Enquirer: 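Input: one structure, supplied below.
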Amino acid sequence: MIFTEILGTGSYTPKKVLKNDDLSEFVETNNEWIYSRTGIEERHISTGESTLDLAYEASTRAISAAKINKNEIDLIIVATVTSDYAFPGVANLLQAKLDIKGITAFDINAACSGFIYALQIVDKMIKGGGFKKALIVGSETLTRLTDWSDRNTCVLFGDGAGAMIIGESKENKIVDIITGSQGDVDMLLYCKNPELKDPIINHISRQDHIHMKGAEVFKFATRIMPYTVTSLMERNNITKDDLNCIIAHQANKRIIDKSAKDLKIDMEKMYLNINKYGNTSAASVPIAIDEAVKTGFLKKGDKFITVAFGGGLTWGGAYIEF
Ligand code: UT7
């Protein structure tokens, strides 16, 4: 029987930091509103680094944390909604930048749940016997899709990348992963590509921005996160007392507070770093896991659930022994 485990983690965020007060220079907002409604104090903004650049920095850190040779990697998956090119994918460009020859590499898009989806795919591909060591990355330059005149959304997002090396294992460490999707007929959260009318006549290529019905997404998030965590606990015959911590998608501290309350899990078990990064979409979960490792919040042997939700609408969760 082939099992899987996390061999190493890494993350990277661009240097430029935008504080809440900086935002009040171009939209009608203030630190008090942003912090009390979201828990965000600042976010990192790319001023030139691409999604690939962020992914590369996070990946080299994960490779060195895993203490492997990069040439042992036989699979790369990048989860992103902000690919630098329509094609090739960020994963293919990352493969080239890391100088790894002739392996499988591709991108996936499941918005903020993308990293959990990528984890599920590599887990199955390794357990299926075809691959031994995978690099998975969540990398986003979400601020390029941000409407900087819309105070409802521009205060929420940031840029960054997180990476993980997943390898074959003799022990069952990545125990269970679930994902799901509910087609967003009400268009609660989206960013449209240029419309295809008559492409020869209409050379329209204006980039759309993020649109969100915040309160509706909030309701979905506070329902789906506890549901996902509960499903994982039930499927694996464990209770909250068996878990050392929960590492949730960092979209809004109030969503994490409410989920913890409904799950009757102490907030001390919920990892939080949204104050520093805002919502970094597919990068949020791997950045949080990497920081939890670096700060000692998540230790070797700890059991945890990581959980996310996002555009799609999508969700996903994983029960892991670190
Ligand atoms: O990865 C998944 C992505 N998305 C999410 O997870 C978002 C989920 N939703 C949320 O986090 C929250 O709904 C928000 C943080 C987006 C908004 O918080 P809210 O408590 O739901 O506020 P609201 O949208 O109901 O707005 C309340 C008021 C409104 O003013 P009026 O109509 O009551 O006069 C807004 O116009 O706050 C106003 N407002 C702001 N005021 C100052 C909205 N944005 C701002 C702002 N600064 N940035």
Side-chain angles (χ1 to χ4, degrees), residues 18-43 79-82 109-117 138-143 145-162 179-182 184 186-191 208-228 247-262 270 272-275 277-288 306-317:
L18 209 58
K19 294 196 171 291
N20 289 346
D21 282 336
D22 298 330
L23 286 159
S24 55
E25 283 170 26
F26 47 92
V27 283
E28 204 183 316
T29 190
N30 55 73
N31 177 52
E32 203 283 322
W33 192 97
I34 301 171
Y35 185 67
S36 64
R37 300 275 178 144
T38 68
I40 300 168
E41 291 173 77
E42 59 189 37
R43 68 288 292 140
T80 187
V81 296
T82 48
N109 174 348
C112 305
S113 313
F115 191 80
I116 310 268
Y117 271 68
S139 185
E140 302 281 18
T141 47
L142 212 64
T143 59
L145 302 182
T146 302
D147 178 352
W148 292 102
S149 64
D150 176 13
R151 68 176 184 173
N152 291 292
T153 52
C154 77
V155 302
L156 303 174
F157 303 106
D159 299 331
T179 50
S181 168
Q182 162 189 310
D184 188 2
D186 297 322
M187 301 307 273
L188 301 183
L189 182 55
Y190 70 92
C191 181
D208 193 20
H209 296 116
I210 296 166
H211 304 268
M212 184 175 69
K213 294 179 185 156
E216 296 303 310
V217 176
F218 191 97
K219 269 186 230 152
F220 166 75
T222 49
R223 178 177 64 78
I224 209 68
M225 294 237 286
Y227 166 81
T228 307
I247 303 184
H249 170 44
Q250 308 285 309
N252 185 329
K253 181 175 178 291
R254 281 164 53 222
I255 293 175
I256 297 175
D257 285 342
K258 173 86 169 62
S259 301
K261 193 167 168 239
D262 290 353
M270 310 294 290
L272 284 174
N273 67 359
I274 187 164
N275 60 318
Y277 303 112
N279 180 349
T280 56
S281 184
S284 150
V285 160
I287 292 175
T306 180
V307 59
F309 68 93
L313 299 168
T314 54
W315 62 92

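Atoms within each ligand, like the ligands themselves, are counted from 1 in listed order. Bear in mind the structure is a predicted one, so any value in this text is a computation, not a measurement.
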Enquirer: Relative to the heavy atoms of V155, which atoms of ligand 1 are at a distance of less than 4.0 Å?
Expert: 48 (N)

Enquirer: Among all the protein's non-hydrogen atoms, which is closest to atom 2 (C) of ligand 1, and how far away is it?
Expert: F309 CE1, 3.5 Å

Enquirer: Closer than 3.5 angstrom, by distance alone: can the side chain of T179 be matched with the main-chain N or O of Y117 as a donor-acceptor pair?
Expert: no

Enquirer: With heavy atoms under 4.0 Å as the rule, classify the contact between T38 and ligand 1 as side chain, backbone, both or neither.
Expert: side chain

Enquirer: Is there a donor-acceptor pair under 3.5 Å between the side chain of E140 and the backbone N or O of T82?
Expert: yes

Enquirer: For atom 37 (O) of ligand 1, decide whether some protein heavy-atom distance is shorter than 4.0 Å.
Expert: yes

Enquirer: Could you tell me whether atom 29 (C) of ligand 1 has a protein heavy atom closer than 4.0 Å?
Expert: no

Enquirer: Residues two or more places apart in sequence or in another chain: which of them pass side-chain contact (heavy atoms from CB on, under 4.5 Å) with D184?
Expert: D186, L188, L189, L313

Enquirer: Among the heavy atoms of V27, does any lie under 4.0 Å from an atom of ligand 1?
Expert: no

Enquirer: Is there a donor-acceptor contact under 3.5 Å from the side chain of R254 to the main chain of R37?
Expert: yes

Enquirer: Give the residue, atom name and distance (to 0.1 Å) of the protein heavy atom nearest atom 17 (C) of ligand 1.
Expert: W33 CH2, 4.0 Å

Enquirer: With heavy-atom distances below 4.0 Å as the criterion, list the atoms of ligand 1 near T29.
Expert: 42 (C), 46 (C), 47 (N), 48 (N)

Enquirer: Tell me: protein heavy atom nearest atom 3 (C) of ligand 1, and distance?
Expert: N279 ND2, 3.5 Å

Enquirer: Is it true that the side chains of D150 and T153 contain a donor and an acceptor less than 3.5 Å apart?
Expert: yes

Enquirer: Measuring from M225:CE to W315:CH2, what's the distance to the nearest 0.5 Å?
Expert: 14.0 Å

Enquirer: What do you think, any protein heavy atom under 4.0 angstrom from atom 24 (O) of ligand 1?
Expert: no

Enquirer: Looking only at protein heavy atoms, which one is nearest to atom 7 (C) of ligand 1, and what is the separation?
Expert: M212 SD, 3.6 Å

Enquirer: To which protein heavy atom is atom 11 (O) of ligand 1 closest, and what is the distance rounded to 0.1 Å?
Expert: N252 ND2, 2.7 Å

Enquirer: Nearest protein heavy atom to atom 48 (N) of ligand 1: under 4.0 Å?
Expert: yes

Enquirer: In terms of atom number and element, which parts of ligand 1 are under 4.0 angstrom from non-hydrogen atoms of F218?
Expert: 8 (C), 9 (N), 10 (C), 11 (O)

Enquirer: Return yes if some donor-acceptor pair links the side-chain N/O of R151 with the main-chain N/O of T29 below 3.5 Å, else return no.
Expert: no

Enquirer: Nearest to atom 20 (O) of ligand 1, what protein heavy atom do you find, and at what distance?
Expert: R37 NH1, 2.8 Å

Enquirer: Within a 6.0 Å radius of atom CZ on F218, are there more than 12 heavy atoms belonging to other residues, nucleotides or ligands?
Expert: yes

Enquirer: Specify whether the nearest protein heavy atom to atom 32 (O) of ligand 1 is under 4.0 angstrom away.
Expert: no

Enquirer: Show me which atoms of ligand 1 lie under 4.0 Å from any heavy atom of R254.
Expert: 18 (O), 20 (O)

Enquirer: Can you report which non-hydrogen protein atom sits closest to atom 5 (C) of ligand 1, along with the distance?
Expert: V217 CG1, 3.7 Å

Enquirer: Can you confirm, on distance only, whether ligand 1 has an N/O atom lying under 3.5 Å from any N/O atom belonging to N30?
Expert: no

Enquirer: Where does T153 meet ligand 1, judged by heavy-atom distances below 4.0 Å: at the side chain, the backbone, both, or neither?
Expert: neither

Enquirer: Locate the shortest heavy-atom distance separating G138 from A283; write the atom from each residue and the value.
Expert: O-CB, 3.3 Å

Enquirer: Closest non-hydrogen protein atom to atom 43 (C) of ligand 1, residue and atom name please, with distance?
Expert: N152 OD1, 3.2 Å

Enquirer: Between L23 and ligand 1, which part of the residue brings a heavy atom under 4.0 Å of the ligand: side chain, backbone, both or neither?
Expert: neither

Enquirer: Closer than 3.5 angstrom, by distance alone: can the side chain of T314 be matched with the main-chain N or O of S181 as a donor-acceptor pair?
Expert: no

Enquirer: So if I count the atoms of ligand 1 from 1 in the order they appear, which ones are less than 4.0 Å from some heavy atom of E28?
Expert: 42 (C), 47 (N)

Enquirer: About how many Å separate OG1 of T280 and CG of D159, when rounded to the nearest 0.5 Å?
Expert: 8.5 Å

Enquirer: With salt bridge (Lys or Arg N to Asp or Glu O under 4.0 Å) as the test, would you mind laying out the steps for D257 and K261 before giving the verdict?
Expert: CA-CA 6 Å; D257 285 342; K261 193 167 168 239; over 6 Å; no

Enquirer: So, is G214 polar-close to ligand 1, with some N/O to N/O distance under 3.5 Å?
Expert: yes

Enquirer: From T228 OG1 over to F309 CZ, what is the distance, rounded to the nearest 0.5 angstrom?
Expert: 10.5 Å

Enquirer: Can you list the ligand 1 atoms lying under 4.0 Å from a non-hydrogen atom of A215?
Expert: 13 (O)

Enquirer: Can you tell me how the ring of Y190 sits relative to the ring of H211, calling it parallel under 30°, perpendicular over 60° and tilted otherwise?
Expert: parallel

Enquirer: For R43 and L156, indicate whether the former's side chain and the latter's backbone hold a donor-acceptor pair under 3.5 Å.
Expert: no

